[in-house]
Structure formats: C-alpha cells, structure tokens
Amino acid sequence: MRSEITAARNSIGYFKRSSTLETSRLILREWRDTDVAPFAKLNANQRVMQHLPGTLSYEESAQMVKRIKTHFEKHGFGLWAVEIKDQQQFAGFIGLSVPKFTAHFTPCVEIGWRLDVPFWNQGYASEGARAALEFGFTQCHLNEVFSFTVPANGASRRVMEKIGMSYIENFDHPTLAEDDPLRNHVLYRITRMERDALVPG
C-alpha cells in the first residue's frame, strides 16, 4: 500500500560540506588514497558482500571511491570513510546517498553502511549511522531518510531499527532482474519528526 509512504519528498540539493563527523569511537571523514586498498579488500570479501549482487575487483572499488567523492561535491554529503579512533584504522563507510534508480519512493536520501568483518557486532554501524542521521536532519534539513536491503540481511535491519527506522514495505529493486534472488528488498524510513522524538530534550 502506498498510503504509508509520504507524498512529500526531500528537496535534494547542495548543502555546506562537512568533511568530518565524530562520535565517541568513530571518525567519519573524507576519503584518502590510502583507503582504496583496504576498501578493495573489504569489497572482495564474500561475507561482507553476501547480500549484494557480488564482490568487486580492485578497479571497481577504486571507481566506487571516485563516485563517492563526486557525490560529496554534488550534494555536500555522502558515504564517509569510517576510522576507528583508538586504532586509526579504515573500517568501511557509513553515510547518506541519493539512489540513482527510480522507484515510487525516489527521489530520496538513503542511509547506508558497509564495514569490514573485524568491526561487526560492536555497535559501530549504529553509532556512525546516528551521526549521519543527525547531520542529514540538522544540517541538510531533510524531511525523511530511507534505507533498504534484502529481507535476509538481519544485521542491517537491526541497525535500521536501532537508529529509529521503521519497516514500510517490501519492493522489487528495479536494477535487478526479475529472476534475481536479491531482487526483493525491504524498505525502512525515519522522518525528521520521528528522529526528533528520539532525541532527549
């Protein structure tokens, strides 16, 4: 039912760029050339990519970093590189992006994350995602933020729920073939009002 999807859409434009966000344990920062190699290693890991169409080559990962940087230049926000403070080590990405595909809920802003296996199950994804949401709602003045994944991706769905997002519906991802087992996705959303209700006074 479309009735659960708000008719109002975010006004997606350019906002003053924030190069760094910080939490108690994380630094969400601009990408460096030295991030490409560990990012490529992450994207070549089948465990990390099990709910995505496939692993990526080194060159595909390098091209993705270029696209992320371009997204920052265009929108003023994007997928920040994540660094663990006490380790000064690249861990993956967390951030906001504008999906390129067309669906009934686009145009929109999506929140997403991808961390390497050693950084799973430590609360890093939800910690960084809360900071990204804060930036999106307070600095970019977004009205709502979406997230989506395949139904079997329980770990990401738990992060979505931890940061206050609610399940809306299932949908078929338009970039995947009808017979692709990953085509069916779950859609989550949080509005600015819902987020404000979660933030103490």
Side-chain angles (χ1 to χ4, degrees), residues 4-5 26 28 31 35-68 71 77-82 84 89-133 136 144-190:
E4 294 189 50
I5 305 292
L26 306 176
L28 278 62
W31 288 75
D35 296 329
V36 176
F39 187 52
K41 182 180 178 182
L42 178 160
N43 288 329
N45 188 321
Q46 291 186 349
R47 287 185 66 192
V48 174
M49 306 296 281
Q50 64 178 321
H51 299 300
L52 295 168
T55 57
L56 303 180
S57 67
Y58 184 96
E59 181 57 32
E60 287 171 329
S61 293
Q63 289 299 317
M64 185 173 178
V65 171
K66 289 182 179 179
R67 291 194 300 271
I68 291 171
H71 187 286
F77 60 81
L79 301 172
W80 285 273
V82 177
I84 310 299
Q89 184 176 358
F90 174 86
F93 68 67
I94 297 172
L96 305 167
S97 62
V98 178
K100 292 184 177 180
F101 63 83
T102 299
H104 65 276
F105 55 89
T106 64
C108 70
V109 173
E110 169 199 6
I111 187 167
W113 42 83
R114 186 180 303 171
L115 300 180
D116 208 353
V117 175
F119 309 105
W120 291 3
N121 301 316
Q122 298 178 65
Y124 291 138
S126 54
E127 183 175 325
R130 288 189 186 100
L133 275 183
E144 57 188 2
V145 174
F146 290 86
S147 193
F148 43 84
T149 187
V150 295
N153 190 353
S156 276
R157 296 183 70 172
R158 284 191 293 274
V159 173
M160 295 173 196
E161 292 164 2
K162 283 181 180 179
I163 64 175
M165 305 190 87
S166 298
Y167 166 79
I168 300 297
E169 64 182 19
N170 283 49
F171 74 99
D172 289 334
H173 201 295
T175 67
L176 299 175
E178 290 187 7
D179 60 349
D180 193 313
L182 298 178
R183 181 175 169 84
N184 186 245
H185 276 53
V186 288
L187 181 68
Y188 281 71
R189 180 191 62 193
I190 184 170

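For the numbers below, each heavy atom of this structure counts, side chains included, while hydrogens, waters and symmetry mates do not. Because the structure is predicted, anything quoted here is derived from the model rather than measured.
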Do Val186 and Met160 touch side chain to side chain, with heavy atoms closer than 4.5 Å?
-> no
May I ask you to test the Val82-Tyr124 pair for a side-chain heavy-atom distance under 4.5 Å?
-> no
Can you find a pair of side-chain heavy atoms, one from Thr102 and one from Pro174, that are under 4.5 Å apart?
-> no
Is the backbone of Asn184 close enough, under 3.5 Å, to the side chain of His173 for a donor and an acceptor to pair up by distance?
-> no
Are a donor atom and an acceptor atom from the side chains of Glu59 and Gln63 found within less than 3.5 Å of each other?
-> yes
Do the side chains of Ser61 and Lys41 get nearer than 4.5 Å, heavy atoms only?
-> no
Does any N or O in the side chain of Arg130 come within less than 3.5 Å of the main-chain N or O of Ile163, such that one atom is a donor and the other an acceptor?
-> no
Could you tell me whether the side chain of Trp31 and the main chain of Leu79 form a donor-acceptor pair under 3.5 Å?
-> yes
Minimum heavy-atom distance Leu96-Ala132, with the two atoms named = CD1-O, 3.5 Å
Examine Phe171 together with Phe146 and report whether their ring centres are nearer than 6.0 Å.
-> no
Can you find a pair of side-chain heavy atoms, one from Met64 and one from Leu56, that are under 4.5 Å apart?
-> yes
Can you tell me if Tyr188 and Glu161 form a side-chain donor-acceptor pair at under 3.5 Å?
-> yes
Do Val48 and Trp120 come within less than 4.5 Å of each other through their side chains, counting heavy atoms only?
-> yes
Shortest non-hydrogen separation from Leu42 to Met49 and the atoms involved | O-CG, 4.3 Å
Say whether, by atom type as modelled, one donor and one acceptor occur between the side chain of Asp116 and the main chain of Pro118 under 3.5 angstrom.
-> no
